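Only a predicted model underlies this, so the values are computations on that prediction, with no experimental measurement involved.
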Amino acid sequence: MSNKTYNDLICDTSELIGEATQIDEAVFEAGIAERIVFQPLLLELRIRYTVLVSRLDTIYDQLLQPQKRLIVKRLLEACLGRLLEIKYDLVELYLSDYTYDDDEALQKLQVTPQEAEPCIPQYFVREREEEIETRRKFITDILTKLGHEITKPPSIVLTEQQAIIIIQSHERARQGRLRGQFMKEIRLLKEKGRDQKGEMSATAATAIQRVWRGFITRRMTKKRKRAEQLLIGMELPPYTESQAIKKAEEVKENRRARQKEHEKEYQEALVSVEDQLRIQHTEKIKERIGDELRRWISEYYERTNRLPEFPSEEGGGSRAMFSRQGTGVESELSKSPVSSKESKKSKESKDKKSTKTDDNKTKDEMEDLQNYKCLNSSFLQDVINANEEFEDMWKFRDDFADHERYQKDIIEREKMVLLEQEIRNMVDEMMRNELDLLQAAFDKDRAHKGKKAKKPQKKVRRGGKKNKKKKEKDLTPDRTTESLFEELVANGIIRPYPIVKIDDYIGEKNFIGSEMRKQGQEPTPCLGDIRQLIKEYCILPLGSEHVKTNAPLIRSVLLTGPSGSGKKMLLHAICSEVGAMLFDLTPSNIVGKYPGKSGLIMLIHLVMKVSRLLQPSVIWMDDAEKPFMKKIPKTDKTDPKRLKKDLAKIIKGICPEDRVLFIGTSRMPWEAEQKLLFQCYTKVIQIPRADYGSISLMWRTKLHRAGALSQRLDISCLSRVSDSYTIGTLISALDDVLTTKRRLQLRVRALTAHEVAVQLSYREPVYAEHDAASEIWWYKTPLERRRQKVLQRLEELEQENEEKSARKILRRIFGAVCEDNQWRSRYNQELYDLYQELNVAGHIKLNRLRWAGHVERMDEARVPKNVMASNPEGRRSRGRPKLRWIDGVNKDAKKVGIANWKSVARDRPRWKKLLDQAKAHKGL
């Protein structure tokens with residue numbers, strides 16, 4: 001694409017940014033509001049910022065103008081940070097790590113679910129290509145020196161006798177094939193001569209024509225059918241490299257090469273323009289600032305008869321001195337005492353709070369659970385400022401001929417500001433020295449006249465302990481980074497990893513998750529949701545230093561799932577997408593290395609120091625449950641509890657500015673002590689069983705790339721058969737089926753589901769016991785427990801409100817009681833005794849169930865039966881669907897334990913018996 005295309009694209013994106021920031025500011029202006037109000041707004045904002053990140057990444061990757069690219073990068077990083085902040089708010093709103101796309105927001109913004117998934121900015125790796133390649137080469141060279149070369153398949157060495165036998169067997173087979181073909185031709189000639197009696201008859205010619213025309217017609221019909229299926233997307237085209245895509249990539253690479261040239265020119269221009277400005281303006285600026293300061297100091301001395309206190313460079317210097325209002329303002333603020341009126345007000349408010357009734361307390365608690373306030377944003381103002389700067393400087397700037405080169409006037413303006421500040425600091429230091437000399441002379445003159453000179457008062461630091469972090473002792477101060485790096489590589493702590501893209505983790509998203517949440521159900525995530533979560537929690541924060549420093553902090557992530565679910569693939573994808581270094585602290589990897597307590601201290605120090613020096617870094621521990629197991633099997637000689645005490649310290653030592661992430665992988669996390677496990681890991685991601693959509697997509701993708709996709713292969717049946725296997729198991733089975741010989745035979749003999757099913761029968765599936773154990777463990781995770789507690793508390797508060805409203809109705813019905821000429825409200829026990837029912841709400845619900853059963857037993861022609869079974873058409877209003885009468889019936893029947901109440905209600909005696917038993921049910 002041309003420069004004009006990308007310039008138009010960034011102008012359109014600027015308008016979209018303006019729309020998104022307006023909605024975003026409206027969210028913050030709302031303050032504290034109900035969660036239902038924020039949910040659709042934040043879901044829409046998440047999709048908007050995802051689209052913006054994708055557009056800005058494309059622009060930044062292909063834009064040639066170096067100064068404009070700087071603003072685009074600021075916008076990109078600010079949008080990335082705001083996207084992660086919205087993710088944090090959505091997690092707090094739903095009390096779940098998984099975010100599902102809102103269908104209404106997708107339709108409004110005209111975005112597909114695939115486009116609503118965040119993309120990985122290309123500059124994460126592209127701007128560090130040389131550095132990443134150098135590190136990988138360094139690791140390879142060290143491993144080669146130590147003799148740990150990459151294992152290659154051993155070459156077959158044959159003796160002379162073996163080679164002769166192979167040649168002879170192949171030659172005999174060739175001669176046999178030729179002899180067989182020759183004999184077949186002789187036999188066909190004999191049969192043709194025996195059947196032929198003179199010239200060919202008309203009947204024989206007609207038969208041959210009929211067969212030939214039928215064959216031609218069937219072949220043409222088959223081709224037309226295939227072309228039609230390709231056109232409507234019912235069949236995939238053969239997997240070949242598109243020439244158009246290849247040409248587009250070549251154009252992109254050409255633009256990237258020109259980008260580097262323009263960036264080099266821009267950096268050289270920065271140096272040359274700065275040197276030129278220094279030569280031309282240094283003395284003038286220095287003289288002007290010095291004259292301004294001296295004039296101001298003399299005016300100050302004339303008004304106050306004393307010299308001013310010159311602020312330090314950290315305090316703003318002369319700029320802060322000029323900005324002071326008046327001359328007699330003291331630097332220290334006096335503490336304003338609390339007035340008596342304010343103290344009285346505070347006492348009154350405390351008394352009011354103490355006299356709150358239980359009703360108000362429960363009401364406030366329910367409001368606290370149902371309301372929410374969004375997290376203060378560190379990136380929204382950056383987005384607004386960068387967008388305004390782009391509109392002011394670049395949006396309407398068409399007065400220059402070359403759109404690709406740097407603009408000298410902009411460089412001069414920026415450099416003049418920096419140059420003036422640098423010169424001002426120099427002049428400020430000079431003026432401080434002059435003021436010190438003048439003050440000394442002034443004090444000396446005062447002492448000579450008999451006046452005591454004022455002693456400089458020491459500034460007393462107010463406040464408690466310093467909040468500064470205790471500096472860690474450096475155990476290797478004299479060693480270089482390369483030597484430490486080499487030591488860790490030699491010991492196998494830093495490991496090479498295969499290059500894997502996160503999008504290679506195949507899986508569909510849960511497309512009905514948002515609708516299920518609106519109905520009060522918690523959806524099960526799919527593999528596509530896990531991929532999106534890895535991007536949001538691991539890749540996007542690690543890729544940018546600015547985003548990592550200011551975004552919500554995630555120090556560690558625990559990945560759980562059965563063997564073959566893709567934990568290591570996700571780990572390698574995280575490292576590949578950001579170009580990170582991989583540190584392996586798996587117990588089996590560090591056994592026998594750095595022995596003893598001092599060795600362990602040195603190991604932790606080396607890992608933390610080198611990971612900060614070579615960031616971004618990923619510290620990985622496989623079998624993350626083993627350090628926290630109560631009993632270690634006697635057969636395990638890896639000493640997994642070696643890092644148990646220090647693991648929490650390692651993770652807590654990761655600061656917001658450190659682009660370091662600790663990742664643990666585990667197959668059976670329920671074997672560990674849960675309290676210690678969750679103290680170490682900030683986030684827990686459980687990889688679920690592969691759903692039908694993900695398995696079907698995987699089969700289609702893999703078979704299409706292998707050229708094995710055909711009409712004879714039933715993908716749906718194959719997906720159903722492989723339901724209980726992990727994706728990794730299915731891929732390994734497919735690799736075993738599609739050998740080199742079988743791939744060559746695909747043109748003649750198509751692949752069948754039976755071949756794959758046979759290969760799967762030799763592999764272990766994921767058993768139901770493993771799924772049950774993982775589900776029970778998931779309910780013990782911190783965020784899930786918190787969600788369950790909130791739901792339970794809301795249900796309890798709702799039940800209490802129903803009971804209170806029922807008691808209010810009964811007090812109105814039965815009236816007050818007169819005792820000793822004084823009227824009072826009836827006590828709860830008196831109401832229960834009079835009504836002879838413990839729960840009015842439960843009585844109403846039982847009557848509703850009784851009437852529902854009566855309607856269900858009616859004839860089809862009755863109006864109530866038709867009304868209850870009808871389904872109104874039309875579009876509903878935005879927001880949570882209103883609860884219907886039938887929803888209450890379904891909920892109450894489920895509470896009392898009646899499954900499929902419609903079929904049960906048709907049996908009247910049984911229905912009556914069940915309702916009589918439900919009277920004693922406490923949950924109703």
Heavy atoms of R667 and S563 approach each other most closely as CD-CB, 4.0 Å

For L558 and S666 the tightest heavy-atom approach is CD1-CB, 4.3 Å

Of all heavy-atom pairs linking L614 and S617, the shortest is O-OG, 3.4 Å

| Has the side chain of Q759 got a donor or acceptor atom that lies under 3.5 Å from a matching backbone atom of V756? | no

- Item | Side-chain ion pair, R224 and E228, N-O less than 4.0 Å | no

What one should report as the nearest heavy-atom pair of S576 and P498 is OG-O, 3.4 Å

Distance col, row L734:CG vs L718:CG, nearest 0.5 angstrom, shows 9.0 Å

Salt-bridge criterion met for R136 and E133 (N-O under 4.0 Å) = no

(Q) Any salt bridge linking K137 with D141? Criterion: basic side-chain nitrogen under 4.0 Å from a carboxylate oxygen. (A) yes

Note: E115 and T50 closest approach over all heavy atoms is O-CG2, 3.7 Å

Paired with K509, the salt bridge (charged side-chain N to carboxylate O under 4.0 Å, His left out) test is passed by just one of D101, D529, D691, namely D101

Does the ring center of H770 lie less than 6.0 Å from the ring center of W670? yes

Please determine whether a side-chain nitrogen of the Lys or Arg among E171 and R174 lies less than 4.0 Å from a carboxylate oxygen of the Asp or Glu. yes

Checklist entry - Under 3.5 Å, is there a donor-acceptor pair between the side chain of Y497 and the main chain of A580? => result yes

Self-check item: Test: K702 and D735 ion pair at under 4.0 Å
Solution: no

| request: Go through S722 and L760 one step at a time and tell me if the side chain to side chain contact (heavy atoms under 4.5 Å, CB included) criterion holds. | output: CA-CA 8 Å; S722 54; L760 283 174; 3.8 Å; yes

Treating E515 as the side-chain partner and I512 as the backbone partner, does any N or O pair qualify as donor plus acceptor under 3.5 Å? no

Taking every heavy atom of L730 against every heavy atom of Y725, the minimum-distance pair comes out as CD2-CB, 3.6 Å

Per salt bridge (charged side-chain N to carboxylate O under 4.0 Å, His left out), D61 is matched among R126, K252, R255, R55 by R126

Is there a donor-acceptor contact under 3.5 Å from the side chain of N589 to the main chain of G492?
yes

Next on the checklist: I'd like to know if the side chain of K626 and the backbone of P640 have a donor-acceptor N/O pair within less than 3.5 Å.
Outcome noted: no

For this session: Using the side chain to side chain contact (heavy atoms under 4.5 Å, CB included) rule, take Y60 and L56 through it: C-alpha gap first, then chi angles, then the decisive distance, then the call.
Result: CA-CA 6 Å; Y60 183 71; L56 290 170; 6.0 Å; no

